[in-house]
Structures are given as structure tokens and as C-alpha cells.
> 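This structure is in C-alpha cells; I'll ask about it shortly.
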Number of protein chains: 2
Amino acid sequence: MIGTGIKRGTAELAILSVLEDGPLHGYELAQRIEKQTRGALRFTLAALYPTLYKMEQRGWVRGNWETSRNGRRRRCYSLTSAGKTKLSPMREEWAELFRALRQLTKVSDA
Amino acid sequence: MIGTGIKRGTAELAILSVLEDGPLHGYELAQRIEKQTRGALRFTLAALYPTLYKMEQRGWVRGNWETSRNGRRRRCYSLTSAGKTKLSPMREEWAELFRALRQLTKVSDA
DNA sequence: CCCTTACATATAGGATTCTTATATATAAGT
DNA sequence: ACTTATATATAAGAATCCTATATGTAAGGG
């Protein structure tokens with residue numbers, strides 16, 4: 001798995017990206033990130049929840065409480081239009097970092 | 001310029017990478033990183049110095065005090081063999097992050 | 001001669017973003 | 001009855017960056 005020091009800052013991009021494919025609740029979001037990267041990128045829920053609250057305050061995501069038929073409460077997060085708008089420049093900034101590191105070193109992206 | 005939150009963790013890779021091309025002192029190291037990335041990646045010296053001290057303690061770099069003919073003191077950092085050995089796995093881990101983010105989102109690396 | 005800019009290193013204090021550990025609670029499987 | 005999976009929440013701590021501040025030399029312009 002990718003170490004903490006290196007993956008720092010990727011959580012927001014990861015959350016917005018997976019929410020682009022449809023709403024998810026927090027627990028499922030963590031699994032999605034892990035599976036979609038084949039276990040390479042992994043976040044604890046203790047990291048994801050505060051990040052989601054912050055992103056909700058910024059208006060990038062909206063969390064709606066749900067009560068499933070079993071009476072289980074959980075919050076379903078969906079991407080807002082403001083969040084969707086944020087994705088492009090955020091991707092571009094990450095692409096910029098990739099280019100910069102490639103100019104400095106020989107990081108292969110195979 | 002690339003934001004703080006995103007570039008976190010890149011300093012060590014950047015330092016090792018530019019030192020691979022030859023010894024440099026701290027001040028020059030900051031300029032090198034900035035120029036070689038066309039200003040995209042930039043670190044303050046207040047960030048670089050403590051990082052260099054930490055890397056020296058780990059044995060990845062060695063800092064030798066120099067006194068130029070003007071009597072100006074400065075420390076010249078060079079890559080040790082241990083530091084050289086660290087570069088490959090570090091590059092690989094960054095490449096892993098690139099792959100992971102590409103699997104999650106549509107970060108172009110043009 | 002003085003002032004500003006460039007060179008050069010150093011540390012303190014603060015922000016951000018992760019971690020582990022802890023807490024609570026329901027549902028399902030053995 | 002016990003454990004695992006589901007589900008959210010917070011506290012305490014580590015790591016890495018920032019701005020601000022400190023110190024001092026060298027070079028160039030007015």
C-alpha cells in the first residue's frame with residue numbers, strides 16, 4: 001500500500017472522483033477507493049469522515065441521512081454541482097504535479 | 001504554482017533527484033527544483049533545511065561545510081550511496097500513486 | 001557612503017492531513 | 001453467545017508544509 005507521507009492530499013480528489021459515479025455513504029466510499037485502486041490507495045474512516053464534513057461545509061458534497069428498512073441510519077453523500085466544478089481544476093493541479101515530478105526525476109507512469 | 005496540500009511529501013524525492021546530478025548547497029537546491037519544474041514546484045528554505053537535516057541523519061545525504069574564497073560559509077549536500085539506493089523504491093511508490101489516481105479519476109498526464 | 005537586493009543558513013509557531021485508539025450501535029453468521 | 005461486518009464519531013498524536021523572524025556577508029546603484 002502507498003505510504004501516508006506520499007498519498008497526503010489525495011483524499012479529496014479520491015472522494016470527489018468516486019462520487020462522480022453516484023452517491024455513496026462513507027463506509028462504502030472507503031471500500032470503493034480501495035477496490036478501484038486494487039488496494040494501492042486506502043484511507044481509514046477516521047480520515048474520511050472529517051474530510052467529508054469539511055467538503056460538505058464547502059458545498060462540494062451533500063450528505064443526506066437515510067434510514068434503511070432495518071432501521072439502520074447512515075449518511076449518503078452525493079456530489080453537488082459545485083463539487084463537480086471543483087473536479088477539473090483539481091485534476092489539472094494533480095496533473096501538474098505529475099509533470100513536475102517527471103521533470104525532476106524519472107518517475108515512470110507505466 | 002502547485003498548492004501546499006497537494007505537493008506534500010514531494011520534498012524528499014525532489015531533493016534526492018536533483019542531488020543525483022551533483023552536489024548542491026541548500027539555497028541552490030531550492031532554485032534548482034523551481035527552475036527544473038518551470039516554477040510549478042517550489043519550496044521555501046524553511047521547509048528544505050529541516051528536511052535536509054532529517055535526511056542527513058538517515059544517511060541519505062551528506063552535508064559538508066565549505067568556505068569560499070570570500071569567506072562565505074555554506075553547506076554542500078551530496079547524495080550518499082544509501083540515498084541513491086532509496087531513490088528507486090521511492091520513485092516506484094510515486095509511480096504507484098500516479099497509477100492509483102489514474103484508476104480513480106481522469107488525471108491526464110500530458 | 002548608504003541602501004537595497006541577492007546570497008546563505010537557522011528556528012519558532014501555526015495549519016493541514018493523515019494515523020491509531022476509542023466509543024457507540026445494529027445486523028448477520030457460526 | 002460470540003465474532004465479524006456494517007456504520008458513524010471523536011480525541012490524541014505524527015508528519016510535512018507554511019509564514020515570520022533572526023542573523024550575517026557580498027554586490028550594485030544612487
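For clarity, every value in this text was computed on a predicted model and none was experimentally measured. Per chain, numbering begins at 1; letters A, B, ... match sequence-line order.
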> Have a look at the helix from C/dC1-D/dG30 to C/dT30-D/dA1 and give the angle its two end axes make, five pairs each, rounded to 10 degrees.
10°

> Within the structure provided, determine whether A/W94 and A/T10 are in side-chain contact (heavy-atom separation under 4.5 Å).
yes

> Could you give the CG-to-P distance, from A/L52 to D/dA9, as a whole number of Å?
9 Å

> Below 4.0 angstrom, N of the basic side chain to O of the carboxylate: do B/R99 and B/E92 qualify?
yes

> Return the residues of residues 1-13 of chain B meeting this criterion: a heavy atom under 4.0 Å from some atom of DNA chain D. Order them by number, or give none.
B/T4, B/K7, B/R8, B/G9, B/T10, B/A11

> Rounded to the nearest Å, what distance is computed from the NZ atom of residue A/K54 to the P atom of nucleotide D/dT10?
15 Å

> Just so I know, are the side chains of A/R73 and A/E66 near enough to count as touching, which here means a heavy-atom distance under 4.5 Å?
no

> Counting C-beta onward and ignoring hydrogens, is there a side-chain heavy-atom pair between A/I15 and A/L29 closer than 4.5 Å?
yes

> Is a donor on one side and an acceptor on the other found under 3.5 Å between the side chain of B/T105 and the backbone of B/L101?
no

> With a 4.5 Å cut-off on side-chain heavy atoms, are B/Y77 and B/L19 touching?
yes

> Look at A/R102 together with A/E96 and state whether they make a salt bridge at an N to O cut-off of under 4.0 Å.
no

> Given side chains that start at C-beta, do those of B/R42 and B/I33 come closer than 4.5 Å, heavy atoms only?
no

> Without placing hydrogens or testing angles, list every side-chain donor-acceptor pair under 3.5 Å for residues 54-65 of chain A, not counting sequence neighbours.
unit_1 : atom_1 : unit_2 : atom_2 : d
A/K54  : NZ     : A/E12  : OE2    : 3.0
A/E56  : OE2    : A/G63  : N      : 3.0
A/R58  : NH1    : A/E12  : OE2    : 3.0

> Enumerate, atom names and distances included, each donor-acceptor pair closer than 3.5 Å involving a side-chain atom of residues 81-90 of chain A, sequence neighbours excluded.
unit_1 : atom_1 : unit_2 : atom_2 : d
A/T85  : OG1    : A/S81  : O      : 2.7

> Using whole Å, report how far CG of A/L41 lies from C1' of C/dC18.
12 Å

> If you pin B/A47 and A/F43 to their nearest nucleotides in DNA chain C, which one's is more 5'?
B/A47

> Please list residues of residues 55-64 of chain B whose heavy atoms come under 4.0 Å from any atom in DNA chain D, ordered by number; otherwise none.
none

> Quick check on the hydrophobic clustering: are B/L48 and B/Y53 connected, directly or via other members, by side-chain heavy-atom contacts under 4.5 Å?
yes

> Before giving the answer on salt bridge (charged side-chain N to carboxylate O under 4.0 Å, His left out), spell out for B/E93 and A/K7 the whole-Å C-alpha distance, their side-chain angles and the decisive distance to 0.1 Å.
CA-CA 10 Å; B/E93 202 175 357; A/K7 77 177 179 207; over 6 Å; no

> Return the CD to CE distance between B/E34 and B/M1, rounded to the nearest 0.5 Å.
8.5 Å

> Can you check nucleotides 7-10 of chain C for protein contacts, nitrogen or oxygen pairs under 3.5 Å, and list what you find?
unit_1 : atom_1 : unit_2 : atom_2 : d
C/dC7  : OP2    : B/Y27  : OH     : 3.1
C/dC7  : O3'    : B/R72  : NH2    : 2.8
C/dA8  : OP1    : B/R74  : NH1    : 2.7
C/dA8  : OP2    : B/H25  : NE2    : 3.2
C/dT9  : OP1    : B/R75  : N      : 2.8
C/dT9  : OP1    : B/R75  : O      : 3.3
C/dT9  : OP2    : B/G26  : N      : 3.4
C/dT9  : OP2    : B/Y27  : N      : 2.9
C/dT9  : OP2    : B/Y49  : OH     : 2.7
C/dT9  : O5'    : B/Y49  : OH     : 3.1
C/dA10 : OP2    : B/Y53  : OH     : 2.1
C/dA10 : O5'    : B/Y53  : OH     : 3.0

